[in-house]
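What follows is a set of notes on a single structure, which appears directly below.
Counting convention: from 1, in listed order, for ligands and their atoms alike.
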Amino acid sequence: MKVFRPVKVAVVCRSCPEAMICIITNPVNSTVPIASEVLEKAGCYDPRRVFGVSTLDVVRANKFVADAKGLDVSTVTVPVVGGHSGVTILPLLSQTTPSVSFTTEELDALTDRIQNAGTEVVNAKAGAGSATLSMAYAGARFVLSLLKAMSGSPDVVECTFVKSDVTDAPYFATPWRLGKNGLEQNLGLGSLSDYEKSKLEGEVLPALNKDIHKGSDFV
Ligand SMILES: NC(=O)c1ccc[n+]([C@@H]2O[C@H](COP(=O)([O-])OP(=O)(O)OC[C@H]3O[C@@H](n4cnc5c(N)ncnc54)[C@H](O)[C@@H]3O)[C@@H](O)[C@H]2O)c1
Ligand SMILES: O=C(O)C[C@H](O)C(=O)O
């Protein structure tokens with residue numbers, strides 16, 4: 001979190017107040033609240049322009065579902081909501097397109113794999129950093145989507161961890177329509193399955209609110 005020393009974020013704000021700030025540095029669940037609150041204190045916070053890059057969770061969910069169901073990954077979309085760490089990551093497998101069904105065992109296994117894939121890579125690299133190419137791919141995908149939307153393309157949608165009023169967590173990832181000024185329309189949670197509702201209330205929100213408070217306390 002040291003990278004997010006308040007003075008550094010405030011400098012970005014003063015030198016380029018209309019910048020789109022895409023934050024991929026972990027812990028994203030805390031660095032996004034830190035950046036947002038620092039910008040707010042500096043008097044130049046535009047919540048439409050501060051994004052936590054959680055795209056890698058969507059990329060992983062799409063790949064793991066495609067592998068499990070024998071689908072072409074380029075045709076699969078799984079919205080992933082919540083945060084970007086462990087149990088705060090909630091893949092909405094019930095909203096997968098194309099529509100597919102999962103047994104409870106499959107739901108458990110896929111949800112667990114998507115939630116822990118980042119840690120799996122960190123452990124495998126044993127002190128040599130984290131996911132590199134897939135992080136670059138996810139970061140590039142998010143930024144290219146944002147640039148496309150800023151250039152006027154309609155219907156550009158990405159999941160991103162941002163200021164939100166969809167749940168009682170003040171920052172939360174959902175799919176958003178992006179536009180010329182950044183966040184344009186929150187597409188929300190959609191219709192959740194009982195499995196997802198129970199994860200959201202019992203696991204995602206308690207852990208995510210703790211991470212968000214850690215960020216606020218740091219500021
Ligand atoms: N959001 C995502 O999807 C995602 C995915 C993978 C990794 N990450 C995160 O991306 C970050 C980078 O991961 P990595 O594997 O490249 O880590 P790394 O340890 O290989 O590299 C971190 C770099 O940051 C530099 N650094 C440290 N403190 C700094 C400071 N105060 N100011 C400027 N630079 C500083 C270090 O010198 C180093 O070069 C980590 O926070 C990681 O958790 C995010
Ligand atoms: O850096 C990490 O701890 C994991 C990273 O956020 C990832 O999703 O690969």
Please check if any side-chain donor atom of [X] sits under 3.5 Å from a side-chain acceptor atom of [Y], or the reverse.
X     : Y      : result
Ser30 : Asp211 : no
Thr55 : Glu158 : no
Thr88 : Asn29  : yes

Proximal candidate to atom 10 (O) of ligand 1 [heavy atom criterion; set Lys125, Met135, Arg60, His84]: Met135
Can you confirm, on distance only, whether ligand 1 has an N/O atom lying under 3.5 Å from any N/O atom belonging to Ile24? yes
Pairs of nitrogen or oxygen atoms closer than 3.5 Å, one from Ser130 and one from ligand 1: do any exist? yes
What are the distances between nitrogen or oxygen atoms of ligand 2 and protein nitrogen or oxygen atoms, counting only those under 3.5 Å?
from     : atom 1 : to    : atom 2 : distance (Å)
ligand 2 : 1 (O)  : Asn26 : ND2    : 3.1
ligand 2 : 6 (O)  : Asn26 : ND2    : 2.7
ligand 2 : 6 (O)  : His84 : NE2    : 2.7
ligand 2 : 8 (O)  : Arg60 : NH1    : 2.8
ligand 2 : 8 (O)  : His84 : NE2    : 3.2
ligand 2 : 9 (O)  : Arg60 : NH1    : 3.4
ligand 2 : 9 (O)  : Arg60 : NH2    : 2.7

Could you tell me, atom by atom, which parts of ligand 1 come under 4.0 Å of a heavy atom of [X]?
X      : result
Thr25  : 41 (O)
Gly129 : 15 (O)
Ala131 : 6 (C)
Val53  : 1 (N)

Of the side chain and backbone of Leu56, name the one, both, or neither that has a heavy atom under 4.0 Å from an atom of ligand 1. side chain
Just let me know how Thr55 lines up against ligand 1, side chain, backbone, both or neither, with a heavy-atom cut-off below 4.0 Å. neither
Got a donor-acceptor contact below 3.5 angstrom from the Glu120 side chain to the Ala117 backbone? no
Can you establish whether the number of heavy atoms outside Lys125 located under 6.0 Å from its atom NZ is more than 12? yes
Would you say that more than 12 heavy atoms from the other residues, nucleotides or ligands in this model lie under 6.0 Å from the NZ of Lys69, or not? yes
Within the 4.5 Å heavy-atom criterion, are [X] and [Y] side-chain neighbours or not?
X      : Y      : value
Asp112 : Asp108 : no
Val59  : Ser134 : no
Leu189 : Leu200 : yes

Compute the minimum heavy-atom distance from Ala138 to ligand 1 and say whether it is under 4.0 Å. no
Where do Val53 and Cys22 come nearest, in terms of heavy atoms and distance? CG2-CB, 3.9 Å
With sequence neighbours excluded, what pairs up with Thr111 under the side chain to side chain contact (heavy atoms under 4.5 Å, CB included) test? Pro91, Leu93, Gln115, Tyr195, Lys199
